[in-house]
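Notes follow the structure.
All values reported here derive from a predicted model rather than from experimental measurement. Quick note on labels: first sequence line is chain A, next is B, and so on, each numbered from 1.
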Amino acid sequence: MNDNAEHIGKEEKSLFAAPPMGEQERMVEAVLFASAEPVTVRDLEARMPHGCDAAEALVHLRKRYEGRGVRVMRVGDAWAMRTAADLSFLMQKETVETRKLSRAAIETLAIIAYHQPVTRAEIEEIRGVAVSRGTVDQLLEMEWIRFGRRRMTPGRPVTFVVTETFLDHFGLENARDLPGLKELRQAGLLENRPLPGTPQFGDGEDEPEADAGQSELFED
Amino acid sequence: MNDNAEHIGKEEKSLFAAPPMGEQERMVEAVLFASAEPVTVRDLEARMPHGCDAAEALVHLRKRYEGRGVRVMRVGDAWAMRTAADLSFLMQKETVETRKLSRAAIETLAIIAYHQPVTRAEIEEIRGVAVSRGTVDQLLEMEWIRFGRRRMTPGRPVTFVVTETFLDHFGLENARDLPGLKELRQAGLLENRPLPGTPQFGDGEDEPEADAGQSELFED
Amino acid sequence: MNDTIPFDNDPLPQAEPQSVADRLAAEALIVDVDGFEGPLDLLLTLSRTQKVDLRKISVLDLARQYLGFVEKAKELRIELAADYLVMAAWLAFLKSRLLLPPDPTEDGPSGEDLAAHLAFQLERLQAMRNAAAQLMARNRLGRDIFVRGLPETVERVKSVTYTATLLDLMQGYARIRTRDEFRPFVMDRESVFTMEQALERMRGLIGFAGAWTDISVYLPEGWDNDPVRRRSATAATFAASLQLVKEGKAELRQPGTFEAIELRRITED
């Protein structure tokens, strides 16, 4: 029957019974696949041999594609085949580009790491330059910093602290592991001697503040 | 596992097992379905999660679509989904009017397909007439042929080979599947037999290259 | 291959086709000469009149037919392209080779070899034509087989990952914390009295210095209390005095070591 159906022209076919449902299902499948737009049941039947029941074929086809990578979907009063929504990630070609963090971002991040919790105004004071919103947003987005407790001072400014993601990335157990200025100097990262009488962060005076910071580092 | 996999970045995913084969099959199905062009195994795997075996998934998928209205077809090194040929009568709407090829173009195409890699001089020798530039240009433009390696004979003539687009158009898995290829070869009709008494360049020298022809068909 | 070329002793020396039908066919060929794709194509068409496998074709007959065709074309004053004539000459040569007993003194390929090659060329061309027909008769994309009607384009998502090392971080911090130490040297202008200032001041005052005067008298007001300012002003005033001496407007003297330096104007007369 199947073979016959293929060799007999459309007109003659109408004299015979409609093709078996399995065959009708194949037809609907092929038309939906190749069509550039959704196809109505009426259109389907107009294209299929006489006596076909496209609606029923669609029910079968739809069941067949259940849970597959491709779905038979209703679009208005027409039908179409689409890739499964959960596989949409396959339709994207991801290219990952690794870029060095900008100098502004590194400096801001460093200040937050060494001085946390720290307000934006404090960061600006230390850097001596305004901190752009984009820089802070970028660090927040990267999840290297997050908002800490509000400072209990006028205006109740928000503070920033570094996150666990930050510690992970830099291989630190906690922010206290960051080397102090003295160690930076010993490591040759600071070349010149400080001016006498210049207070140094991380040198004694800052310790209590840094300590206070740590306790609220992972608060929620 | 599945849910997790979606929330974990690509790098971390490699630490876990690849998705189950059923899931991989769905992915291959979705990608092939969505693309009008054949997709290589390499491309498939680049788009699928790490550790997937697209080739194996393709075997399953191909079996699944056996006898359906849509087929999974191999085109050279790539794979594509195409409607079953016996349902073409449903597709008047989708039929693309292809440019009518001249007899010269058709013959030239066949000669390139069966004799590839083949030089223009060899095509002319077989047809007994000069090959017009327009004929070759047309075939190149249709992307049915492309330039192959230069022949290592005096003048280093350029050769022509057929493309993946050619295979796709004629529903061939690869150039070895050309109809009657084996018989023609056995009958010695694909040999480049020189006119007795005329010295021919590249006698013998060409043989290994001609053999390599099939294997280097889709070299890059 | 040699045995496939029958050496029939055709009594007809000329190349006239044998029957009326053949003759008509030949004339039809000539009328259609533009439709042929060269001599090989014509030969292939002529060979069909032999109605045999191309491997068993009589090349001699074929050569006769071809030469007959060319003759006929000449009679009808039809211009034949050069390659048809070249082929005719070659076939005439081949015909003579095939008909005459081989000359042992002559080298080169035998008539049989040449005939076999021509038969091979015809067979190969026919094979390619058959192959082309088979190829074109295949199920073809866009006619019998169809692609996805609504392909989804692959969206290219470019994601940028920013990285920094601990060293970057520490260097960044070090850079900020040591910025003050690195700042370029800038003179504290507040406590500096320049030589230019002193010179200007002294030019105004020198006119009154008729007698020896301690140059400390020339220090500007307010510069003698703060030691830093006094040092600067003293140095500048002394330098300005030297300049005036150099210009010949004043003379300097110091009675003894660490004693006051005195200045007096020189009157020009």
Tell me, for [X] versus chain C, whether the close heavy atoms (under 4.5 Å) come from the side chain, the backbone, both or neither.
| X | result |
| --- | --- |
| B:Ala187 | both |
| B:Ser35 | backbone |
| B:Ala84 | backbone |

Could you check which of [options] has the highest count of heavy-atom pairs closer than 4.5 Å to chain C?
| options | result |
| --- | --- |
| B:Val31, B:Ile106, B:Leu32 | B:Ile106 |
| B:Leu172, B:Leu101, B:Leu87, B:Val70 | B:Leu172 |
| B:Gly180, B:Ala85, B:Ala130, B:Gly188 | B:Ala85 |

Of all of C:Gly142, C:Pro151, C:Pro39, C:Ala131, which one pairs up most often with chain B through heavy atoms under 4.5 Å apart?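 Greatest number of close heavy-atom pairs with chain B: C:Gly142.
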
Shorter than 4.5 Å, heavy atoms on both sides: which option in C:Ala133, C:Gly38, C:Ala132 has the most such pairs with chain B?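 Option with the greatest count: C:Ala132.
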
Measure the spacing between [atom1] of [X] and [atom2] of [Y] and express it to the nearest 0.5 Å.
| X | Y | atom1 | atom2 | value |
| --- | --- | --- | --- | --- |
| C:Ile145 | B:Met81 | CD1 | CE | 14.0 Å |
| C:Asn139 | B:Arg82 | CG | CZ | 13.0 Å |
| B:Leu189 | C:Gln126 | CG | CD | 10.5 Å |

What closest approach, in Å, do [X] and [Y] show between heavy atoms, and which atom pair accounts for it?
| X | Y | value |
| --- | --- | --- |
| C:Phe120 | B:Glu191 | CZ-O, 3.7 Å |
| B:Val129 | C:Glu37 | CB-O, 3.6 Å |
| C:Ala127 | B:Leu184 | CB-CD2, 3.5 Å |
| C:Leu40 | B:Glu125 | CD2-O, 4.3 Å |
| C:Asp144 | B:Thr83 | O-OG1, 4.3 Å |
| B:Phe170 | C:Leu135 | CD2-O, 3.3 Å |

Would you say B:Glu37 has more than 12 foreign heavy atoms packed within less than 6.0 Å of its CD?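 No, the 6.0 Å shell around CD holds no more than 12 heavy atoms from other groups.
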
Could you check if a side-chain atom of B:Val96 sits within less than 4.5 angstrom of a side-chain atom of C:Arg143, using non-hydrogen atoms only?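 A side-chain contact is absent here, since even the closest heavy-atom pair is not under 4.5 Å.
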
Would you mind reporting whether B:Glu107 and C:Met128 have side-chain heavy atoms less than 4.5 Å apart?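 Counting from C-beta outward, C:Met128 and B:Glu107 never come under 4.5 Å.
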
Under 3.5 Å, is there a donor-acceptor pair between the side chain of C:Arg124 and the main chain of B:Leu190?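 Not confirmed, C:Arg124 side chain does not pair with B:Leu190 backbone.
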
Which atoms of C:Arg148 come close to chain B, meaning under 4.5 Å heavy atom to heavy atom: side chain ones, backbone ones, both, or neither?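 Both parts, backbone and side chain.
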
Go through the steps for B:Arg103 and C:Asp41 under the test salt bridge (Lys or Arg N to Asp or Glu O under 4.0 Å), then give the verdict. CA-CA 12 Å; B:Arg103 186 174 133 182; C:Asp41 185 25; 3.1 Å; yes

